[in-house]
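Bear in mind that the values here come from a model prediction, so they are computed numbers and not experimental data. Residue numbers start at 1 and run along the sequence shown.
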Amino acid sequence: MHMADALIAPAVAGTMYVFSAAAAAHSVHRVRLESDQKKIPEMGVMGAFVFAAQMINFSIPGTGSSGHICGGMLLTALLGPQAAFLTMIAVLVIQCLFFADGGLLALGCNIWNMAFYGCFVGGYLIWKPLMAKGATKKRITLAAVLGSIITLQLGAFSVVLETKLSGITQLPFAVFAGTMQPIHLAIGLVEGLITAAVLCFVHEARPEMLWGAEKQGEGKFSFRTTVAILLIAALVIGGGLSLFASSHPDGLEWALEKVAGTADLEAEGSAYQTASDIQEATAVLPDYAVEGSDSPAGTTISGVAGSLAVLVVSVLACWAFRFFRHRGSGQKRA
């Protein structure tokens, strides 16, 4: 659901940058007040996991479309809304700059659509209330599926609304919305099931890693072992399983093809050209491939390099902003 610059007018793009920056500033402030330093490697590893998981497009049967997880609900269930939001920003910025996935002008929109709803709406209105009486596999699955569906519906509708407000395309609002919402309903269901599977594993392995759940007994593995398993899974997914991703267009591209006849829309202007020039200069593996080569090695390199880049950026950001160093009382993890 990464929006391209051609869908967004500069005024709308600037507004969404402001909204996303405000949410990021709030998140930085809140995370700096936390004291659980074990969240530092957790942010890095889970950011790498989400990056890798987003590389696997799964087919939606009978549609000719595909989808991938957004990851906001998954990160929020483990890190809390603010840390999850900042981790999602790291994922989306690296995708945008290093792999030219999603427009630079549209980055503020993509952060809002793919991160804000999953982290804040999904976290506070769905995940936390359902976990108030303790985490069980049934509650985890319900929260993951319900949260993924609702927040992805909100994100998909925001894409339609931002495109309509931009007024630079000829996409009919009702038709575009009527195409976007159903396909992302199916994608949200699959994301919810994937999210539930990962969270149920964490619940068994290290239950206190779940945010907002009542304290429970010891899990099957230590914290370090659980984090190591998730990191290995991220590298295997990004470097290996990504080779088997669906070649069908994702939900947004599919909807554009249905409504406009093509997903390759173009927009002219200095703002678009500047954004394009910056991405061309920073994208070392555009479209997750080695430029000028059709070798699948490009996908493997992209998956591993991108996952590690997210991990490093997330951890360095934690130290640069002095996250989780608050001296007050905080939850401790064994």
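Remark: the Y117 side chain and the S158 side chain contain an N/O donor-acceptor pair separated by less than 3.5 Å.
Criterion: ILVMFWY side-chain heavy atoms under 4.5 Å apart, direct or through other members. Under it, L165 and V160 are part of a common hydrophobic cluster. L130 and L193 are not part of a single hydrophobic cluster, where members link through side-chain heavy atoms under 4.5 Å apart. Transitive grouping of hydrophobic side chains (ILVMFWY, heavy atoms separated by less than 4.5 Å) brings M114 and L125 into a common cluster.
The side-chain contact (heavy atoms from CB on, under 4.5 Å) test with I149 is passed by exactly one of V145, L152, T151: V145. Of the candidates V121, L146, L199, L199 is the only one forming a side-chain contact (heavy atoms from CB on, under 4.5 Å) with W127.
Proximity of M55 to I237: side-chain heavy atoms (C-beta onward) are nowhere separated by under 4.5 Å. Looking at V259 and P172, their side chains come closer than 4.5 Å, going by heavy atoms from C-beta outward. The shortest side-chain heavy-atom distance between V310 and F49 does not fall under the 4.5 Å cut-off. L189 has its side chain out of reach of L185: every pair of non-hydrogen atoms, C-beta onward, lies at least 4.5 Å apart. Between F201 and L230 there is a side-chain heavy-atom pair separated by less than 4.5 Å. Proximity of T141 to C200: side-chain heavy atoms (C-beta onward) are separated by under 4.5 Å at one or more points. At a threshold of 4.5 Å between non-hydrogen side-chain atoms, the residues F324 and M43 count as touching. Using a 4.5 Å heavy-atom cutoff, the side chains of W211 and K128 are in contact.
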Set out, in order, the CA-CA distance, both residues' side-chain angles and the distance that settles side chain to side chain contact (heavy atoms under 4.5 Å, CB included) for S27 and F120, then state yes or no. CA-CA 10 Å; S27 297; F120 290 101; 3.4 Å; yes
Exercise. Start with the C-alpha distance between F99 and F51, add both sets of side-chain angles, then the distance that settles ring-ring contact (aromatic ring centres under 6.0 Å, His included), and finish with yes or no.
Key: CA-CA 12 Å; F99 303 97; F51 177 92; 5.5 Å; yes
What do the steps show when you test R206 against E208 for side chain to side chain contact (heavy atoms under 4.5 Å, CB included), and what is the final call? CA-CA 6 Å; R206 203 70 187 171; E208 81 275 15; 2.6 Å; yes
Evaluation steps, side chain to side chain contact (heavy atoms under 4.5 Å, CB included), between I194 and V190:
CA-CA 6 Å; I194 294 171; V190 178; 4.0 Å; yes
Query raised in the report: Stepwise, does the side chain to side chain contact (heavy atoms under 4.5 Å, CB included) test hold for L285 with V290?
Result: CA-CA 6 Å; L285 292 165; V290 176; 4.1 Å; yes
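Side-chain heavy-atom separations under 4.5 angstrom define the hydrophobic clusters, and the remaining members of the one that includes Y272 are L105, I168.
The aromatic rings of F173 and F157 sit perpendicular to each other, their planes meeting at more than 60°, with 30° as the lower class boundary. The aromatic rings of F116 and W112 lie parallel to each other, their planes meeting at an angle below 30°, with 60° marking the opposite boundary.
Nearest approach of T179 to P182, heavy atoms of both residues: O-CD, 3.6 Å. Looking at every heavy atom in both residues, T63 comes nearest to W254 through O-NE1, 2.9 Å. Taking both residues in full, the closest heavy atoms of S246 and H248 are given as OG-N, 3.1 Å, listed atom of the first, atom of the second, then distance. Nearest heavy atoms, A234 versus S307: O-OG, 4.2 Å. Of all heavy-atom pairs spanning G192 and S148, the tightest one is CA-OG, 3.4 Å. In terms of heavy atoms, F321 sits closest to R32 at O-NE, 3.1 Å.
A distance of 10.5 Å separates CE in M46 from CG in L231, rounded to the nearest 0.5 Å. Between the CD atom in Q273 and the CG atom in D5 there is a gap of 11.0 Å [rounded to 0.5 Å]. Between atom CG of residue L161 and atom CE of residue M180 there is a gap of 11.5 Å, rounded to the nearest 0.5 Å. In this structure, CG on L97 lies 6.0 Å from CG on L104, to the nearest 0.5 angstrom. The line from OG1 of T163 to CD1 of I8 is 5.0 Å long, rounded to the nearest 0.5 Å. Going from atom CG of N57 over to atom OG of S247 covers 9.5 Å, rounded to the nearest 0.5 Å.
The backbone N or O of I56 lies less than 3.5 Å from no partner atom in the side chain of S242, so there is not a single donor-acceptor pair. Q181 contributes a side-chain N or O that, together with a main-chain N or O of Q153, makes up a donor-acceptor pair within less than 3.5 Å. With N110 contributing its side chain and M3 its backbone, the two residues share a donor-acceptor pair below 3.5 Å. Between the side chain of H203 and the main chain of I140, no donor-acceptor pair closer than 3.5 Å is present. Between the side chain of D250 and the main chain of L252, a donor-acceptor pair closer than 3.5 Å is present. Under a 3.5 Å cut-off, the side chain of S65 and the backbone N or O of I60 do not form any donor-acceptor pair.
Annotation: cation-pi pair K164/F176 absent, no NZ/CZ under 6.0 Å from the ring centroid and within 45° of its normal.
More than 12 heavy atoms of other residues, nucleotides or ligands lie within 6.0 Å of OH in Y17, so this atom counts as buried by the packing criterion.
By the salt bridge (Lys or Arg N to Asp or Glu O under 4.0 Å) test, E204 pairs with K137, K220, sequence neighbours left out.
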Ignoring hydrogens and angles, write down the donor-acceptor pairs under 3.5 Å from the side chains of residues 68-96, residues two or more places apart or on other chains.
residue	atom	partner	partner atom	Å
T76	OG1	G72	O	2.9
T76	OG1	C119	O	3.4
Q82	NE2	H26	NE2	3.3
Q82	NE2	Y124	OH	3.0
T87	OG1	A83	O	2.8
Q95	OE1	H2	NE2	2.8
Q95	NE2	Q54	OE1	2.7

